[in-house]
A.B. asks: 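This is the structure, below, for whatever I ask next.
Below, chains carry the letters A, B, ... as their sequence lines are ordered, and counting in each starts from 1.
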Amino acid sequence: MAQTTVKIYTPTTPIWCPGCGDFGVLASLKKALSDLQIKSKDTVIVGGIGCSGSIHNNLECYGIHSLHGRLLPTAVGVKLANPQLTVIAAGGDGDGYAIGAGHFLHTLKKNPSIIYIVMQNGTYGLTKGQPSPTAQVGYEGNVDLPFDAILTALSIPSTTFIARGFSANQAQLTDLMKKAISHSNSNEGMGFLEVLSPCVTYNDTYKEWREQVYDLSTEKDYNPHNRLLAFTRVSEITNQGKIPTGLVYSGRVKSLEENTLSKEKGPLALQDISLESNLPKYEQILNDFR
Amino acid sequence: MAQTTVKIYTPTTPIWCPGCGDFGVLASLKKALSDLQIKSKDTVIVGGIGCSGSIHNNLECYGIHSLHGRLLPTAVGVKLANPQLTVIAAGGDGDGYAIGAGHFLHTLKKNPSIIYIVMQNGTYGLTKGQPSPTAQVGYEGNVDLPFDAILTALSIPSTTFIARGFSANQAQLTDLMKKAISHSNSNEGMGFLEVLSPCVTYNDTYKEWREQVYDLSTEKDYNPHNRLLAFTRVSEITNQGKIPTGLVYSGRVKSLEENTLSKEKGPLALQDISLESNLPKYEQILNDFR
Amino acid sequence: MATTLEQQKPAEPMLKQDICIMIGGQGGDGTLTVVNLLGSCFRNIGLNVYDARNVLSRIRGGHADGVIRASTEQVLSTGDQVDVLVAFDEEAVQAAVNELAPDASIIFDSSKGQLSEKFGGMGLRVVNAPLGNMAASKLRRNIFKNTIAFAILGRLLGLEDDLLIEVLRSRYERRGKEALDANMQALSLGSDLAKQNNIRSIYKIPHSEKSNKILATGNEAVAYGFLVGGGRFFVGYPITPATDIMEWLAPRISKLGGVVKQAEDELAVINMGIGAAYAGARVMVATSGPGQSLMTEGVGHAGEAELPIVVVECQRVGPSTGEPTKNEQSDLNHVVYGSHGEFPRLVIAPGSAAECFQLTVDALNLAETYQLPVFLLLDQALCQNSESILPFNLKSIKVERGKLLSQSDLEKIQTYKRYQFSEDGISPRSVPSLEGGQSQVTGNEHNEYGLTSVDTTNRLRMMSKRMKKVELAKNELPRGNNFGRKDAKIGIIGFGSTLGPILESMEQLKSKNIGVRFQQIRTIFPLLVEDLIEFSDPLDKIFVVENNYQGQLAKMIRSALGRNERIESITKFDGTSFKPREITNAISTSIQGKLEMGV
Amino acid sequence: MATTLEQQKPAEPMLKQDICIMIGGQGGDGTLTVVNLLGSCFRNIGLNVYDARNVLSRIRGGHADGVIRASTEQVLSTGDQVDVLVAFDEEAVQAAVNELAPDASIIFDSSKGQLSEKFGGMGLRVVNAPLGNMAASKLRRNIFKNTIAFAILGRLLGLEDDLLIEVLRSRYERRGKEALDANMQALSLGSDLAKQNNIRSIYKIPHSEKSNKILATGNEAVAYGFLVGGGRFFVGYPITPATDIMEWLAPRISKLGGVVKQAEDELAVINMGIGAAYAGARVMVATSGPGQSLMTEGVGHAGEAELPIVVVECQRVGPSTGEPTKNEQSDLNHVVYGSHGEFPRLVIAPGSAAECFQLTVDALNLAETYQLPVFLLLDQALCQNSESILPFNLKSIKVERGKLLSQSDLEKIQTYKRYQFSEDGISPRSVPSLEGGQSQVTGNEHNEYGLTSVDTTNRLRMMSKRMKKVELAKNELPRGNNFGRKDAKIGIIGFGSTLGPILESMEQLKSKNIGVRFQQIRTIFPLLVEDLIEFSDPLDKIFVVENNYQGQLAKMIRSALGRNERIESITKFDGTSFKPREITNAISTSIQGKLEMGV
Ligand SMILES: Cc1ncc(C[n+]2csc(CCOP(=O)(O)OP(=O)(O)O)c2C)c(N)n1
Ligand SMILES: Cc1ncc(C[n+]2csc(CCOP(=O)(O)OP(=O)(O)O)c2C)c(N)n1
Ligand code: SF4
Ligand code: SF4
Ligand SMILES: [Mg+2]
Ligand SMILES: [Mg+2]
């Protein structure tokens with residue numbers, strides 16, 4: 001807000017229940033953005049629909065609240081229109097892994113340089129506690145084995161950054177957020193960060209999760225740059241009833257913008273699209289009709 | 001058609017281009033159904049939308065042509081309504097992995113005892129050759145690394161049968177189809193079978209694929225019952241530029257019907273739903289309003 | 001701890017045949033619990049109740065309130081005013097202030113200070129009581145302030161202690177001894193507080209025998225109707241205000257051998273439903289506007305493929321995500337006209353929980369008889385408000401499956417064609433597992449066998465076959481309910497949850513000497529035009545009352561009836577239901593205007 | 001090999017100012033190639049052309065045909081009859097038989113035997129030639145039968161060999177020497193065949209200078225309009241008949257710094273579009289009915305969030321998957337009324353390729369000026385048929401971005417509110433990267449800052465603000481085109497690809513002494529009622545011509561105009577476009593009926 005004197009909206013107080021894990025996510029996100037000195041004017045948060053999907057209202061930036069499950073395509077649209085922005089999609093596990101599952105796969109596949117934060121709580125908080133795709137067996141009648149987004153992300157050959165944090169471990173979470181943001185802001189592709197963020201009202205997993213989390217960085221020979229080993233190790237740890245956290249994998253595959261956008265012309269959202277400036281090209285293309 | 005004298009429809013001649021891989025799929029499917037002596041009256045083929053998604057018209061059975069990308073939910077609905085049926089969903093890779101990607105993940109996750117055959121040709125045949133999610137980099141401007149459905153299926157903890165065939169290898173394909181059908185018909189969950197089925201018109205990959213296919217069953221110590229090893233081996237082979245075929249993985253996780261359906265009452269599609277037969281239960285439930 | 005309890009205007013208990021109580025606070029304060037407890041009390045003493053909720057789309061915090069009305073007569077609205085308000089904070093008073101009766105009583109939680117002066121001098125009776133503090137200090141959890149308030153309310157309303165105890169017991173008994181004991185303690189705390197502070201009964205509530213009436217929301221009635229109508233396959237995805245249906249059904253349907261499945265999204269919902277319907281199950285799905293928008297393609301598919309499915313559309317404030325917890329009726333256009341291309345469908349709209357039950361059964365029968373998608377159109381108020389009604393009449397129920405074939409039916413057939421041209425346009429339907437019924441079902445245009453066809457003659461016949469089913473169904477569709485005087489010159493048309501407010505407004509208009517007739521429409525598509533004509537022909541003026549911006553129903557009625565000038569829209573689209581007086585005012589003002597202008 | 005060539009009725013070449021040629025065979029036979037070659041010939045000699053395709057939804061096999069009409073006048077329909085038919089099989093003759101002129105010529109591929117006797121005795125001139133066999137034996141590929149047929153056609157039409165050679169060369173030159181040589185050989189084979197068998201010119205086609213006209217389909221014109229209108233972000237998912245737009249744009253937009261992206265499905269399409277629009281790009285998406293149904297929720301989101309996006313809806317036969325390659329106009333209701341809740345939108349419908357260009361630019365401007373979704377409604381015939389038109393007039397184009405803010409605009413503002421209430425209901429729009437424009441954009445109901453709000457007063461104001469934009473836009477919306485005599489008592493209304501057939505029908509009616517006026521509607525929503533009234537007031541009878549079952553436009557017009565009796569629907573829904581004579585017959589029969597009944 002240095003340059004202008006325009007008064008803008010005041011971020012609202014979160015709508016979350018006291019103790020909700022999402023407070024931890026918000027705190028980390030704020031800290032990461034501030035530590036990395038990302039300008040508010042260049043930050044776009046794309047919210048999902050759910051308790052989690054209101055986070056964009058709680059900090060000063062550009063925010064767009066997408067439809068339920070559609071935050072990723074929305075974020076990709078924003079990024080392709082203006083790759084200079086820091087685009088952060090943030091929503092729930094129902095939003096991202098249930099109704100949004102197709103976009104989840106395909107956005108990972110496209111590898112756009114956006115950050116995607118999933119607040120995983122095993123439940124649909126906002127609609128009052130139905131099982132989400134990550135719900136434990138037995139939770140509210142759930143019979144399916146939970147979806148493991150980290151494993152599935154690893155199965156997509158073009159993923160470039162995969163991590164898991166825990167909202168109760170602020171130091172680690174903030175570090176992972178910074179890493180994810182730096183990854184994406186260096187135009188290296190999608191920073192995917194799942195955050196264990198308990199729903200204290202409908203599925204209070206704080207206790208279990210505190211016991212289950214397992215920080216990969218404590219493993220000396222864990223190599224986060226080998227997809228196969230990562231898959232194997234994460235699976236093993238998970239099979240032992242633990243939940244691996246930390247940087248799971250990072251690698252290098254061309255990002256969507258690298259693959260798609262013209263370099264010369266600058267962000268297409270900001271291009272001069274007047275007739276005058278483009279007339280010669282238009283006339284040239286008109287010849288295709290002859 | 002033994003019991004009745006009712007005349008029914010005559011299966012149509014396929015609409016496929018001469019040489020299309022889908023002919024091989026149809027041939028194997030017919031043979032598998034006949035070898036396993038599955039009755040036409042108990043067979044439901046759920047077609048997708050695409051060239052491939054017309055296969056249900058080409059054999060005698062019950063067929064339902066779903067919407068583009070929706071064959072899996074449709075098939076799950078059929079199966080839950082009547083688990084005694086052999087339910088075979090069959091469609092294209094665009095249908096299944098693009099617009100249907102969310103259902104792909106979630107149907108694998110639910111593990112219903114249906115068979116799912118994907119005719120993979122790296123393209124959208126019916127709409128004239130745009131890249132599908134499995135398209136090679138460079139094909140028709142495609143920039144994304146191809147989606148590997150086998151790896152992703154392996155990443156879902158509840159998958160129970162994963163295989164890949166090649167329409168040009170009829171013996172293997174028929175064998176895999178039989179295995180998939182037997183798996184599902186023993187109520188063990190979803191039989192997922194991806195078939196390399198070249199589109200000779202828009203993406204003729206016969207030659208490459210003939211060279212690339214790698215039959216896992218030729219590997220003595222390949223263990224199709226270990227998910228982790230399967231993931232690792234499939235990845236390795238793929239990274240070497242080969243395409244693993246054969247039974248990739250089979251395992252045991254409760255099927256959707258086991259988890260969901262009442263055992264006593266029989267298929268819900270065939271239950272007696274008259275008022276008379278259910279009145280006492282209805283009256284009992286009415287008490288909940290008091 | 002100093003409790004400040006005062007009762008400003010002690011008076012003789014007032015007889016109340018009809019009383020309305022509001023409990024307001026923050027989401028999570030448990031205001032709805034008090035509503036439920038009061039409801040049980042009132043029903044125990046033979047009253048009819050009607051309750052409504054007003055919550056935000058968040059789980060805790062933010063203003064939330066619940067309203068319960070009790071009456072010797074059946075009521076289907078919360079009425080025009082609130083007689084007693086329990087306010088856990090000042091925001092709750094502020095939110096209610098326009099609805100309070102001039103002599104309303106307020107029980108105010110003064111834990112954070114007494115109610116601000118600005119609400120004094122309005123003739124209101126205010127009881128300041130530190131409910132929250134007391135709960136926290138004596139029972140260690142703020143949430144017990146509800147039960148304390150309940151106790152004070154009981155006193156104010158002249159309800160017997162035994163009644164309060166019984167009601168509390170039956171609610172908390174199944175939640176374990178701890179919960180029960182704590183609540184009982186809270187109840188005595190409240191009673192003591194009331195006694196100590198000399199709170200007397202201000203109201204006298206008439207008592208009679210407990211009636212055999214039941215209590216149901218529209219959603220519950222739909223869910224039960226589904227079961228009784230033979231529904232055995234329900235698939236859903238959570239969305240307010242439809243989720244209740246799935247949650248009500250889940251533990252019950254399994255007793256009948258049926259299934260409730262939560263799918264990954266609404267696209268899966270409608271297509272799973274289609275698959276199960278195809279296989280022969282009786283299927284219903286339920287959603288709200290956003291989910292309905294996602295089901296648009298699927299509904300058209302059911303129409304083209306001629307598959308029976310009931311789609312419950314629980315409307316809320318739109319467009320887009322809108323206001324998830326608020327009331328609106330703005331999806332008419334969407335369910336009537338939405339989806340590409342042209343296919344047969346029916347849209348049915350009940351107006352009360354009783355009708356929700358019956359019309360759900362009808363919808364299931366219609367869907368299967370005519371082999372098409374049937375919408376059951378509800379609105380948030382109808383979905384979630386509870387009403388006292390006579391027990392659902394099971395005896396009247398018939399399960400009609402239309403031309404669904406059995407194996408023995410098939411034996412008698414020479415050639416089976418799923419889409420056989422028949423006189424009435426309805427083709428015999430076989431399902432998988434029947435020998436001789438093998439056939440193809442598809443959303444492509446098809447010939448009689450269900451095989452793809454673009455033959456132009458076939459196309460014309462197939463389109464006509466399908467579309468004519470709507471005409472054919474007309475005889476069986478739920479006809480409108482007519483109320484009021486046959487000789488009136490002023491008419492009202494409405495549907496869904498406006499039923500209650502309109503009925504009450506009719507009484508108010510009567511007392512202003514304005515006689516009106518009212519047709520509650522129950523089939524939105526196709527409009528039963530003959531009934532509408534019969535109803536409206538003698539009328540000079542027709543007011544169409546609906547909760548949306550554009551007057552969607554009014555537009556449909558105009559285009560069906562012509563004489564457009566006669567038809568006036570009364571709309572409300574601020575997320576709340578009509579108050580009876582709002583309708584009364586709109587009508588009397590309009591008529592007054594006309595009278596003054598000499599029309 | 002014995003070639004059987006005969007020319008039954010040699011005659012003096014007939015002058016043809018207007019000729020129609022059909023090439024029919026199996027999908028993959030390359031009939032469309034012949035159409036294109038002929039088109040080039042005709043355009044080279046200064047004629048206008050119009051072509052159409054009739055294919056199945058499969059890649060090879062099944063009946064397929066292409067039609068090309070050439071005329072000294074501009075034509076926008078394939079007319080009433082086919083003058084020359086090239087038939088690669090008998091099915092093609094059967095399919096065409098009802099459209100053949102009484103004296104039509106048929107070039108029949110007699111490789112599998114001569115044309116069946118049953119087509120004799122109809123006055124048709126039949127040339128039996130073993131095109132396929134000759135291609136296979138002499139050139140080793142059956143596909144060259146096309147070029148052989150082209151050569152014979154050239155002779156029949158009296159086209160110069162040089163012209164044929166030039167046209168063939170310019171088509172095959174870029175495909176490499178091999179392709180060119182083979183085709184040249186096929187051409188001489190055909191010429192020889194014609195010469196040997198003494199095939200003379202039956203027709204004489206007028207020649208003039210090659211005009212500067214271009215050839216474009218509606219889809220291509222939309223795509224080009226998008227570029228010139230400043231469109232830089234297009235996202236799509238393949239679907240017939242919309243895919244062409246994406247495929248035309250893909251290689252061209254990158255030259256301008258823009259992007260075409262193929263998404264994973266239509267849900268991604270509309271939401272990616274929304275994201276890019278939000279960030280400040282000019283965005284268009286295109287789809288057909290099934291995709292549009294999936295975009296239903298997204299479109300409402302753009303409406304509520306006030307984001308500009310152009311959605312091209314290329315209609316095809318519905319409902320559901322329907323008939324993907326066939327023509328229909330049955331998605332009006334869906335684009336006008338589809339999606340839950342109420343939000344502003346515009347629906348614009350061009351009638352020719354020329355209009356497709358201009359109205360696409362208008363749609364982009366309208367979307368951004370009024371910050372709402374704009375539908376551009378096309379139909380398969382308009383999308384995919386080609387027409388000769390004057391080069392698009394670039395000089396007339398203006399790019400209008402409405403209240404889009406720049407950084408310097410923002411400096412002048414005190415408080416920035418994305419949804420500020422303003423006099424005209426349009427709020428200044430900032431995009432990310434601007435300092436001081438930070439704000440929230442949402443599909444929930446919101447206050448001026450874009451923060452969620454369920455305040456009832458705010459709701460009323462926000463709804464009105466948004467909905468009023470539609471009224472406001474009316475002044476700028478594309479008005480109808482009026483044709484015909486001002487004093488006529490009979491009127492026609494139509495839109496989209498019916499333009500051409502209606503214009504020709506008007507000529508036919510004139511020659512029957514039936515004078516008509518015609519309004520081609522170009523804004524479907526909101527209907528420009530004043531224009532409609534002005535047009536229709538003097539009329540006794542209005543025929544609304546449209547390709548659907550229900551007469552969707554007629555219904556909309558009835559409810560806008562009243563006097564419903566006056567309005568009669570002429571509908572066609574068999575997947576094919578109107579022939580001019582079908583409209584003429586329908587109108588003259590209806591009027592005749594009325595006249596006879598003394599009305
Ligand atoms: C299309 C659609 N379907 C359903 C809903 C209702 N809905 C709102 S939030 C939500 C789930 C939220 O779960 P999650 O994404 O896990 O977020 P959480 O509340 O747990 O943070 C659902 C189903 C909706 N808004 N739109
Ligand atoms: C909702 C929707 N979008 C798009 C289409 C158009 N469409 C028809 S088939 C097809 C893709 C077919 O590709 P694939 O599934 O790979 O099948 P193939 O033809 O290659 O066998 C598409 C996009 C459609 N029918 N419905
Ligand atoms: S309901 Fe759960 S997820 Fe939602 S705010 Fe409360 S604790 Fe958080
Ligand atoms: S286009 Fe391709 S996929 Fe389709 S039928 Fe032909 S070869 Fe097969
Ligand atoms: Mg969640
Ligand atoms: Mg394919």
Side-chain angles (χ1 to χ4, degrees), chain A residues 1 3-9 12 39-44 46-47 54 56-57 60-67 69-70 73-82 84-85 102-103 105-106 260-262 264-271 273-275 278-279 281-283 285-286 288-290, chain D residues 214-216 220 224 227-228 230 232-233 235 252 254-259 261 263-265 267-268 271-282 297-298 301 391-392 394 397-399 410-411 413-417 431-444 449-452:
Chain A
M1 294 302 298
Q3 299 101 311
T4 67
T5 57
V6 190
K7 188 179 162 307
I8 62 162
Y9 75 102
T12 55
K39 289 195 185 130
S40 130
K41 79 177 185 71
D42 292 326
T43 306
V44 178
V46 186
S54 62
H56 53 279
N57 290 321
E60 187 191 295
C61 60
Y62 279 89
I64 173 166
H65 197 190
S66 71
L67 287 168
R70 313 298 163 208
T74 307
V76 171
V78 174
K79 187 75 187 182
L80 282 176
N82 189 348
Q84 296 172 353
L85 301 171
H103 306 310
L105 280 193
H106 279 275
T260 319
L261 295 180
S262 103
E264 322 130 38
K265 288 263 186 173
L268 59 88
L270 308 177
Q271 285 168 22
I273 56 170
S274 66
L275 184 78
N278 295 280
L279 198 55
K281 290 222 168 109
Y282 295 160
E283 279 171 344
I285 295 174
L286 186 56
D288 295 349
F289 288 101
R290 288 181 213 274
Chain D
I214 60 173
L215 188 72
E220 290 164 350
Y224 185 62
L227 290 185
V228 174
R232 292 297 180 270
F233 189 84
V235 50
R252 294 173 175 92
S254 49
K255 296 183 191 158
L256 295 159
V259 162
K261 184 72 198 151
E264 59 268 32
D265 62 14
L267 300 161
N271 288 286
M272 245 185 241
I274 282 174
Y278 163 74
R282 278 215 145 176
E297 194 194 14
H301 188 60
F392 302 119
L394 299 180
I397 297 307
K398 276 204 190 63
V399 171
L410 266 166
E411 314 286 344
I413 284 177
Q414 293 224 325
T415 306
Y416 180 67
K417 303 174 174 177
V431 298
S433 82
L434 298 187
E435 182 68 82
Q438 289 93 327
S439 51
Q440 294 293 330
V441 161
T442 173
N444 277 83
Y449 290 108
L451 296 165
T452 307

A.B. asks: Under the rule for side-chain hydrogen bond (donor to acceptor under 3.5 Å, both in side chains), what residues qualify as partners of D:Q440, not counting sequence neighbours?
C.D. replies: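 D:Q440 satisfies side-chain hydrogen bond (donor to acceptor under 3.5 Å, both in side chains) with A:Y9 only.
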A.B. asks: Nearest 0.5 Å, what's the CG-NZ distance between D:L227 and A:K281?
C.D. replies: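 So the CG of D:L227 and the NZ of A:K281 are separated by 11.5 Å.
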A.B. asks: Is there a side-chain contact between D:Y278 and A:Y62 (heavy atoms, below 4.5 Å)?
C.D. replies: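 Contact flag for D:Y278/A:Y62 side chains = yes.
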A.B. asks: Report the distance from atom CD of A:E283 to atom CG of D:L394, rounding to the nearest 0.5 Å.
C.D. replies: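 Going from CD on A:E283 over to CG on D:L394, the span is 6.0 Å.
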A.B. asks: Looking at side-chain heavy atoms only, is the closest gap between D:L267 and A:H103 below 4.5 Å?
C.D. replies: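 They are in side-chain contact.
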A.B. asks: Using a cut-off of under 4.5 Å on heavy-atom pairs, state which of D:E220, D:E297, D:K417, D:K398 scores highest against chain A.
C.D. replies: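 Option with the top pair count is D:E297.
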A.B. asks: Checking the side chain of D:Y224 only, and the main-chain atoms of A:Y282 only, is there a donor and an acceptor separated by less than 3.5 Å?
C.D. replies: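 Present.
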A.B. asks: Please round to the nearest 0.5 Å and tell me the distance separating atom OG1 of D:T442 and atom NE2 of A:H56.
C.D. replies: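 Here the rounded value is 5.5 Å.
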A.B. asks: With sequence neighbours excluded, tell me which residues meet side-chain hydrogen bond (donor to acceptor under 3.5 Å, both in side chains) with A:S262.
C.D. replies: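 A:S262 satisfies side-chain hydrogen bond (donor to acceptor under 3.5 Å, both in side chains) with no other residue.
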A.B. asks: Mind listing the closest non-hydrogen atom pair of D:V399 and A:L275 along with its distance?
C.D. replies: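 Heavy atoms only, the tightest pair is CG2-N, 4.4 Å.
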A.B. asks: Between D:A268, D:A216, D:G298, which has the largest tally of heavy atom pairs under 4.5 Å with chain A?
C.D. replies: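 Highest number of pairs under 4.5 Å: D:A268.
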A.B. asks: Among A:V44, A:N57, A:V46, A:T12, which has the most heavy-atom pairs under 4.5 Å with chain D?
C.D. replies: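 The residue among A:V44, A:N57, A:V46, A:T12 with the greatest pair count is A:N57.
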A.B. asks: Looking at CG of A:D288 and CD1 of D:I214, how far apart are the two atoms once the value is rounded to the nearest 0.5 Å?
C.D. replies: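 If we round to the nearest 0.5 Å, A:D288:CG and D:I214:CD1 are 10.5 Å apart.
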A.B. asks: So, the side chain of D:Q438 versus the backbone of A:I8: is there a donor-acceptor pair under 3.5 Å, distance only?
C.D. replies: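 No; zero donor-acceptor contacts below 3.5 Å.
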A.B. asks: At what distance, to the nearest 0.5 angstrom, does CZ of D:R282 lie from CG of A:L268?
C.D. replies: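 Here the interatomic distance stands at 13.0 Å.
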A.B. asks: Does any part of the side chain of A:K39, heavy atoms only, come nearer than 4.5 Å to the side chain of D:S433, both counted from C-beta?
C.D. replies: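 Of all side-chain heavy-atom pairs linking A:K39 with D:S433, none is under 4.5 Å.
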A.B. asks: Any non-hydrogen side-chain atom of A:V6 less than 4.5 Å from a side-chain atom of D:E435?
C.D. replies: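 The answer is no, as the side chains (C-beta and beyond) never meet within the 4.5 Å cut-off.
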A.B. asks: Could you tell me which of A:S54, A:C61, A:S66, A:G47 has the largest number of non-hydrogen atom pairs under 4.5 Å with chain D?
C.D. replies: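 Option with the greatest count: A:C61.
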A.B. asks: Could you check which of D:V235, D:N444, D:T452 has the highest count of heavy-atom pairs closer than 4.5 Å to chain A?
C.D. replies: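 Between D:V235, D:N444, D:T452, the count favours D:N444.
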A.B. asks: Could you give the distance from NE2 (D:H301) to CG (A:L67), rounded to the nearest 0.5 Å?
C.D. replies: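 The NE2 atom of D:H301 sits 4.5 Å away from the CG atom of A:L67.
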A.B. asks: With a 4.5 angstrom heavy-atom cut-off, which part of D:V441 approaches chain A: side chain, backbone, both or neither?
C.D. replies: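 For D:V441, the contact with chain A is made by backbone and side chain together.
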A.B. asks: Using the side chain to side chain contact (heavy atoms under 4.5 Å, CB included) rule, pick out the option among A:I64, A:T43, A:L85 that qualifies with D:P432.
C.D. replies: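 Running side chain to side chain contact (heavy atoms under 4.5 Å, CB included) over A:I64, A:T43, A:L85 with D:P432 returns exactly one hit, A:L85.
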A.B. asks: For chain A, which candidate among D:G280, D:G443, D:A277, D:G257 shows the most heavy-atom pairs at distances under 4.5 Å?
C.D. replies: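 Heavy-atom pairs under 4.5 Å are most numerous for D:G257.
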A.B. asks: Nearest heavy-atom pair of A:Q271 and D:L256: which atoms, and what distance?
C.D. replies: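 Where A:Q271 meets D:L256 most closely, the heavy atoms are OE1-O, 3.4 Å.
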A.B. asks: Give the member of A:A81, A:G63, A:A269 that has the highest number of heavy-atom pairs under 4.5 Å with chain D.
C.D. replies: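 Answer, by heavy-atom pair count under 4.5 Å with chain D: A:G63.
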